[in-house]
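Structure, as structure tokens:
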Amino acid sequence: MFRSSVALSLIAIASAAVAGRASVLAQESPSTDSTYILGPEDVIMLAVQKHPEFSGEFLIPSNGVVNLPAVGNVVFAGKTIDGVSSLIGAGLRKRLLKPEFTVSLKIARSRRVYAVGDLRAPGAFDYKPGWRISELVAAAGGLAVTPQTNGVQATSLQMYDCTVSITSPGRLSAKTVNLGEALEGKGGANLPVFPGDVVTVSSVRLLSVYVLGKVASPGLKLIRIDHAGILEVISMAGGTTVDAVSSSVRITHQDGSKDTVNLVPYLFKGTDSVKLPLVKSGDVIVVPESLQKIAVLGMVKTPGVFPLEDGRAVTLADAIALAQGPDTRRARLSRVGLMRVQSGGKGVHFTINFGDYLRKGDAKLNPLLQPGDIVYVPETNSIDWGVILGSLSTFSSIYYNYSVLHP
């Protein structure tokens, strides 16, 4: 802390045209702007008439708080000279009847801004009025490194997840925004910078990975190198679809090597994914389509062929639910038919009283289904399987796919 002598205090008092006013000393400060925001490293001069013991020069420390004689702690950082003058006046009036004083900016902190981090030319730059993040990043040469795009047409910002953090002495708080949004002017991200600000640009490498096959949103995905797990990539692609074979996900690397990964324990059973391989830039991930299907026909709301979701058991009740439930006015639930293809291609028929299952909850009346099963909800008590199979050619593909997968 700086303290002036009594002589200096009296000179300052004599120079004040009006006692108790705030001022900025133009001859000693590079700024005469009444809106100047005080911050650490500014030197403030307080002159209290007839009370040199309360007067002096004070350096604003890094925490922005100055302990003034007779006043106590005053937060200077983030305030103008007029703002701190009113606070000091309120404090002095607790000790003095009619205090007369002046508050002045003796020495302003450096009018420079600092750009550090992943930039081509980090350093200190002379502040220019109106500067924002974009101007400072441009002055610092932009991002420091050129990414390896692996043939992907992308800008540096698209290949990196870049953030900008501003530490402002005047605000005593750090603000963080996305650099891409700042440069594009989105959502107010292109924040202004002020003298003394330290602007840090941090970038995390993004990997380019292709996800194809049975995912909700296939295509090129850019993933942070520190989040480069296969589950994270699948999640970025919207997750697997119901007809995906999650047990046989294929990864082809740029060097031609291949891996096959079973994701079922991790997607459906909550197994720790730390043992799963990390993806590399340029990897192609293919989630294959399941050929295991069942058919639900007859008096249901949406009859059709449905894929069996890999790794999940499907019961008769589940199958009818896939078809949006039975037609409540016409369905004969006491005679639900189930046709199953056994080894060698021989079909067997079952008749299940599904109505009793709904009433009594007997698990025996809600069997697990197998790939290739055909469920038929009749309108009458009789089921002519020959007519059903003969009129629906789609079932030949169901049987064929099942025989291929289960020879």
Under the salt bridge (Lys or Arg N to Asp or Glu O under 4.0 Å) test, which residues partner [X], sequence neighbours left out?
X: R95; result: none
X: E135; result: none
X: R112; result: D126

(request) Run the numbers on D255 and S257 for side-chain hydrogen bond (donor to acceptor under 3.5 Å, both in side chains), then give the verdict. (result) CA-CA 6 Å; D255 60 5; S257 61; 2.6 Å; yes
Side chain [X], main chain [Y], donor-acceptor under 3.5 Å:
X: D373; Y: R340; result: no
X: R330; Y: M299; result: no
X: N73; Y: V65; result: no
X: S165; Y: T176; result: no
X: D118; Y: L143; result: no

Partner residues of [X] under the side-chain contact (heavy atoms from CB on, under 4.5 Å) criterion, sequence neighbours left out:
X: V71; answer: L68, V74, I88, L92
X: K128; answer: W131
X: A189; answer: V177, E181, A182

Decide yes or no for [X] and [Y]: does some side-chain heavy atom of the first lie under 4.5 Å from some side-chain heavy atom of the second?
X: S208; Y: L222; result: yes
X: S202; Y: T200; result: yes
X: V286; Y: T252; result: no

With [X], which residues qualify under side chain to side chain donor-acceptor pair (under 3.5 Å), at least two apart?
X: R224; result: D161, D226
X: S247; result: D310
X: T241; result: D243
X: N353; result: D356

Ignoring hydrogens, what is the shortest heavy-atom contact between [X] and [Y]? Give both atom names and the distance.
X: V279; Y: L207; result: O-CD1, 3.7 Å
X: G298; Y: Y376; result: CA-CE1, 3.6 Å
X: V377; Y: A331; result: CG1-CB, 3.6 Å

(message) Among residues at least two apart in sequence or on other chains, which ones pass ring-ring contact (aromatic ring centres under 6.0 Å, His included) with F354?
(response)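 For F354, the residues satisfying ring-ring contact (aromatic ring centres under 6.0 Å, His included) (neighbours in sequence not counted) are Y357.
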(request) Verify the distance criterion only: is there a donor paired with an acceptor across the side chains of T315 and D318 at less than 3.5 Å? (result)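 Yes, side-chain donor-acceptor contact under 3.5 Å.
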(message) Suppose the criterion is salt bridge (charged side-chain N to carboxylate O under 4.0 Å, His left out): which pairs have a residue in residues 37-48, not counting sequence neighbours?
(response)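 Output for this query lists D42-R109.
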